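Here's the structure, in structure tokens; my notes come after.
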Amino acid sequence: QVQLVESGGGLVQAGGSLRLSCAPSGRAFAMGWFRQAPGKEREFVAAINWNGGSTKYADSVKGRFTISKDNAKNTVHLQMNSLKPEDTGVFYCAASVTMMGVTTENRAYQYWGQGTQVTVSS
């Protein structure tokens, strides 16, 4: 069983920045961030492979968000810059204990965090 502890959400004005962090309680390989806006389905945001050497992003966040992995601290970060009101939602960290490569499919992740709220005001 792997528990994911998320931090870093909050309220920010459009154009601002936030940094989300996710720390698994045990070993995890591929990790990702998903978000869910009110009334919408959960969608992929960014993913990183087991050693942090490969990443993938949703088209809507490319050039603005950066996912990174601190292997020494076993922590994944999501740096979000140039935030827009449409980025508002609950952000979830996800971890796979079987998949080592980058994956955008939520079914590939076995463990999920409790979610952290990100609100971007216009």
Side-chain angles (χ1 to χ4, degrees):
Q1 190 80 7
V2 175
Q3 293 184 335
L4 304 177
V5 179
E6 300 157 338
S7 61
L11 172 64
V12 65
Q13 288 188 332
S17 298
L18 283 174
R19 188 190 195 208
L20 306 183
S21 297
C22 176
S25 61
R27 171 175 282 192
F29 298 122
M31 295 189 69
W33 286 95
F34 292 74
R35 69 184 175 194
Q36 187 166 19
K40 294 187 177 181
E41 293 187 354
R42 190 175 300 185
E43 64 175 359
F44 167 74
V45 175
I48 194 164
N49 74 331
W50 71 280
N51 67 355
S54 182
T55 59
K56 193 161 188 176
Y57 299 91
D59 288 342
S60 59
V61 306
K62 279 181 183 176
R64 300 188 298 121
F65 290 11
T66 302
I67 188 170
S68 61
K69 194 173 189 184
D70 184 337
N71 287 313
K73 296 183 178 179
N74 197 31
T75 300
V76 170
H77 303 288
L78 184 68
Q79 178 66 44
M80 305 186 294
N81 299 329
S82 301
L83 282 160
K84 304 175 181 179
E86 51 263 43
D87 292 318
T88 294
V90 178
F91 281 67
Y92 296 91
C93 175
S96 174
V97 296
T98 56
M99 181 74 67
M100 299 187 77
V102 176
T103 180
T104 65
E105 296 292 331
N106 56 12
R107 293 172 296 179
Y109 296 96
Q110 295 87 19
Y111 298 100
W112 294 80
Q114 78 284 0
T116 184
Q117 177 70 43
V118 171
T119 302
V120 184
S121 63
S122 57

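As the structure is a computational prediction, the values presented were derived from the model and not from experiment.
A 6.0 Å sphere centred on CD of Q3 holds no more than 12 heavy atoms belonging to other residues, nucleotides or ligands.
Partners of N74 by side chain to side chain donor-acceptor pair (under 3.5 Å), not counting sequence neighbours: none found. For N49, the side chain to side chain donor-acceptor pair (under 3.5 Å) partners at least two apart in sequence or on another chain are N51. The side chain to side chain contact (heavy atoms under 4.5 Å, CB included) test applied to V12 returns L18, L83, V120, not counting sequence neighbours. Every residue two or more places apart in sequence or in another chain was checked for a side chain to side chain donor-acceptor pair (under 3.5 Å) with K73, and none qualifies.
For the atom pair CZ (R42) and CZ (F44), the distance works out to 14.0 Å, reported to the nearest 0.5 Å. The structure places OG of S122 at 9.5 Å from CD of Q13, a figure rounded to the nearest 0.5 Å. Atom CG in L20 sits 3.5 Å away from atom CE in M80 (nearest 0.5 Å). Taking OG1 of T55 as the start and NZ of K62 as the end, the distance is 10.0 Å to the nearest 0.5 Å. Here the CZ-CG distance, from F91 to L78, works out to 7.0 Å after rounding to the nearest 0.5 Å.
Applying the salt bridge (charged side-chain N to carboxylate O under 4.0 Å, His left out) test to pairs two or more places apart or on separate chains, those with a residue in residues 31-40 are R35-E43, R35-D87.
Remark: the backbone N or O of C93 is not paired with any side-chain donor or acceptor of Y109 at under 3.5 angstrom.
Other residues sharing the hydrophobic cluster of W50, ordered by chain and number and joined by side-chain separations under 4.5 Å: F29, M100.
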(request) Evaluate side-chain contact (heavy atoms from CB on, under 4.5 Å) for E105 paired with M99, printing each intermediate quantity in order. (result) CA-CA 11 Å; E105 296 292 331; M99 181 74 67; over 6 Å; no
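The minimum heavy-atom distance between W33 and V76, with the atom names listed, is NE1-CG1, 3.7 Å.
The closest side-chain heavy-atom distance from S21 to E6 is not below 4.5 Å. The shortest side-chain heavy-atom distance between E86 and S60 does not fall under the 4.5 Å cut-off. Two residues are said to be in side-chain contact when any heavy atoms from C-beta on lie closer than 4.5 Å; Q117 and T88 meet this criterion.
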